[in-house]
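Input: a single structure, listed below in structure tokens.
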Amino acid sequence: MALYSEKVMDHFRNPRNVGVIEDADGVGEVGNAKCGDIMKMYLKIDGDIISDVKFETFGCGSAIASSSMATELIKGKPVSEALKLTNKAVAEALDGLPVHKLHCSVLAEEAIKKALQDYYEKNGIEYDKTQFPQCESCEHCEL
């Protein structure tokens with residue numbers, strides 16, 4: 001059996017939504033000191049819909065694939081739906097990740113949540129702080 005699924009390889013070789021949104025409504029950056037992966041997500045929100053999403057990722061193929069898939073899963077969706085995105089959903093959409101690479105999907109989830117938190121704070125929108133990561137990395141996760 002191959003280490004990586006065809007979907008992981010496709011999103012690694014042909015990542016979707018790479019880049020920067022200069023006038024982003026929300027920006028979230030997370031990193032993992034253990035593996036060196038860093039993800040930055042940019043959101044453009046019109047009304048309650050994520051009209052555009054871009055990412056910059058410094059990391060391994062799984063980190064790039066997770067970032068790419070996560071952007072595909074939230075683009076065009078309501079903010080409330082993006083807030084519910086889990087690392088499990090990202091990994092499943094990629095047809096799985098090796099156990100030692102699951103932290104990459106956690107980073108993708110956290111980067112999106114950090115960008116949404118930034119959007120709420122920039123716009124003075126009240127939010128439930130328990131729905132957001134409390135630290136800058138997935139060091140607290142036991143995967």
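The structure displayed is predicted, hence computed values, not measured ones.
Both Phe132 and Leu85 are members of a single hydrophobic cluster when ILVMFWY side chains are connected at heavy-atom separations under 4.5 Å. One hydrophobic cluster, built from ILVMFWY side chains closer than 4.5 Å, cannot hold both Val18 and Val20; they sit in different ones. Val27 and Ile21 fall within the same hydrophobic cluster, defined by Ile, Leu, Val, Met, Phe, Trp and Tyr side-chain heavy atoms under 4.5 Å apart, directly or through other members.
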Exercise for the section: Report the C-alpha separation of Val8 and Leu97 in whole Å, then their side-chain angles, then the decisive distance to 0.1 Å, and conclude whether the side-chain contact (heavy atoms from CB on, under 4.5 Å) test is met. Expected result: CA-CA 8 Å; Val8 170; Leu97 287 169; 3.8 Å; yes
Practice task
Run the numbers on Lys101 and Asp37 for salt bridge (charged side-chain N to carboxylate O under 4.0 Å, His left out), then give the verdict.
Solution key: CA-CA 11 Å; Lys101 292 295 183 177; Asp37 295 328; 5.8 Å; no
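Side chain of Asn123 to main chain of Tyr119: a donor-acceptor pair is present (N/O by atom type, distance under 3.5 Å, no hydrogens or angles). Between the side chain of Arg13 and the backbone N or O of His11, no donor-acceptor pair lies under 3.5 Å. A donor-acceptor pair under 3.5 Å links the side-chain atoms of Ser5 to the main chain of Leu94, judged by distance alone.
When side chains are defined from C-beta on, Ile45 counts as touching Val79, because their heavy atoms get closer than 4.5 Å. With a 4.5 Å cut-off on side-chain heavy atoms, Cys104 and Cys60 count as touching. Put simply, the side chain of Leu43 reaches to within 4.5 Å of the side chain of Leu116, judged on heavy atoms. With contacts defined as side-chain heavy-atom distances shorter than 4.5 Å, the pair Met39/Ile64 does not qualify. With contacts defined as side-chain heavy-atom distances shorter than 4.5 Å, the pair Gln131/Gln117 does not qualify.
A donor-acceptor contact closer than 3.5 angstrom links the side chains of Glu121 and Tyr127. Residues Tyr42 and Glu56 have side chains that bring a donor and an acceptor to within less than 3.5 angstrom of each other.
The CG atom of Asn17 lies 5.0 Å from the CD atom of Glu72; values are rounded to the nearest 0.5 Å. Distance check: Phe55 CZ to Glu29 CD gives 14.0 Å after rounding to the nearest 0.5 Å. Once rounded to the nearest 0.5 Å, the distance linking OG of Ser105 with CD of Glu92 reads 10.0 Å. Rounding to the nearest 0.5 Å gives a distance of 14.5 Å between CD1 of Ile49 and NZ of Lys44. In this structure, CG on Asn87 lies 7.0 Å from CG on Leu102, to the nearest 0.5 angstrom.
Contact between Ala70 and Ala108 at its shortest, heavy atoms only, is CB-CB, 3.9 Å. The heavy-atom pair separating Lys7 from Ala93 by the smallest distance is CD-O, 3.1 Å. Closest approach of Ala89 and Leu73 over heavy atoms only: O-CD1, 4.2 Å. Between Ser51 and Asp46, the shortest heavy-atom contact is OG-OD2, 2.7 Å. When all heavy atoms of Met69 and Val90 are compared, the closest pair comes out as CG-O, 4.1 Å. Taking each heavy atom of Tyr4 and Ser62 in turn, the nearest pair found is CE2-OG, 3.1 Å.
Few gaps surround NZ on Lys122; more than 12 heavy atoms of other groups in view lie less than 6.0 Å from it.
Remark: Lys113 engages Glu109 in a salt bridge, criterion side-chain N to carboxylate O under 4.0 Å.
Across Ile112, Thr71, Ile74, a single residue satisfies side chain to side chain contact (heavy atoms under 4.5 Å, CB included) together with Ile50, and that is Ile74.
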